[in-house]
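Below: one structure, written as structure tokens.
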Amino acid sequence: MSSRRPSPFDADAAQDRIAAVVRRIPLGCVATYGDVAAAAGLPGRARMVGRYLGAVDGVDALPWHRVIAAGGRIALPDGSASRTTQLRRLMAEGVTLTGSGRVDLARHRWQRGVLAPVLD
DNA sequence: GCGATGACAACGC
DNA sequence: CGCGTTGCCATCG
């Protein structure tokens, strides 16, 4: 017992927490890498979230498409298959985009337990 | 041990 | 609104 933090950083544990957070993002909502990292208890490690999501590569059990970059921007490069899949899945869930293909954060941003009601 | 890289973020111009 | 710079942190050669 004693220490909950045996090492300065446990990749396995962090990965597990990140997965748990991503898994609980409600359908039709999105969260930024920074939000997910913070919700997973890893403030400032937004990069690690991206690295992890890229590592799972193909795990349907994880709604990775609901995780986006700051400002509602899609982190994946334009023209990539992953990006297309992400956008298609988001739209399938009713997520709306603004102007230049950005997710409307004001409408769909997920905040730990606070759902953003879809205004009509 | 160190420099380079990356599904990031914030700031400045 | 696009682009470059800086900060942050873990992984890789």
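Computed over heavy atoms, backbone and side chain alike; hydrogens, waters and symmetry mates excluded. Lettering follows sequence order; numbering is per chain, from 1.
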[atom1] of [X] versus [atom2] of [N]: gap in Å, rounded?
X	N	atom1	atom2	value
A/R47	B/dA10	CZ	P	13 Å
A/L53	B/dG6	CG	P	17 Å
A/D12	C/dT11	CG	C1'	14 Å
A/I18	C/dT11	CD1	C1'	14 Å
A/D78	B/dA7	CG	C1'	14 Å
A/Q15	C/dA10	CD	P	14 Å
A/L62	B/dA7	CG	P	17 Å
A/L87	B/dA7	CG	P	17 Å

Once you apply a heavy-atom cut-off of 4.0 Å, does A/A37 come out as touching a base, just sugar-phosphate, or nothing?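 No contact at all - A/A37 keeps every heavy atom at 4.0 Å or more from the nucleic acid.
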
Look at the side chain of [X] and decide which nucleotide, out of [options], has an atom nearest to it.
X	options	result
A/F9	B/dA9, C/dC9, C/dA10	C/dA10
A/A75	C/dC8, B/dA7, B/dA9	B/dA7
A/W64	B/dA7, B/dG6, C/dT11	B/dA7
A/R51	B/dA10, B/dA7, C/dT11	C/dT11

Considering only NZ, NE, NH1 and NH2 on the basic side and carboxylate oxygens on the acidic side, decide whether A/D35 and A/R109 come within less than 4.0 Å. yes

Have A/H65 and A/E93 got a donor and an acceptor in their side chains that come within less than 3.5 Å? yes

Go through the N and O atoms of the side chain of A/R45 and the base of C/dC9, and report whether any donor-acceptor pair is under 3.5 Å. no

Is there a donor-acceptor contact under 3.5 Å from the side chain of A/Q86 to the main chain of A/V67?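 Side chain of A/Q86 to backbone of A/V67, a donor-acceptor pair under 3.5 Å: yes, one is there.
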
Kindly list each side-chain donor-acceptor pair under 3.5 angstrom involving residues 12-20 of chain A, sequence neighbours excluded, with atom names and distances?
| from | atom 1 | to | atom 2 | distance (Å) |
| --- | --- | --- | --- | --- |
| A/R17 | NE | A/A40 | O | 3.3 |

State, with a plain yes or no, whether a side-chain heavy atom of A/M48 is found less than 4.5 Å away from one of A/F9.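 Yes, close enough: below the 4.5 Å cut-off.
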
Along DNA chain B (nearest heavy atom to each residue), the more 5'-positioned of A/M48 and A/G34: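 The 5'-side residue here is A/M48.
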
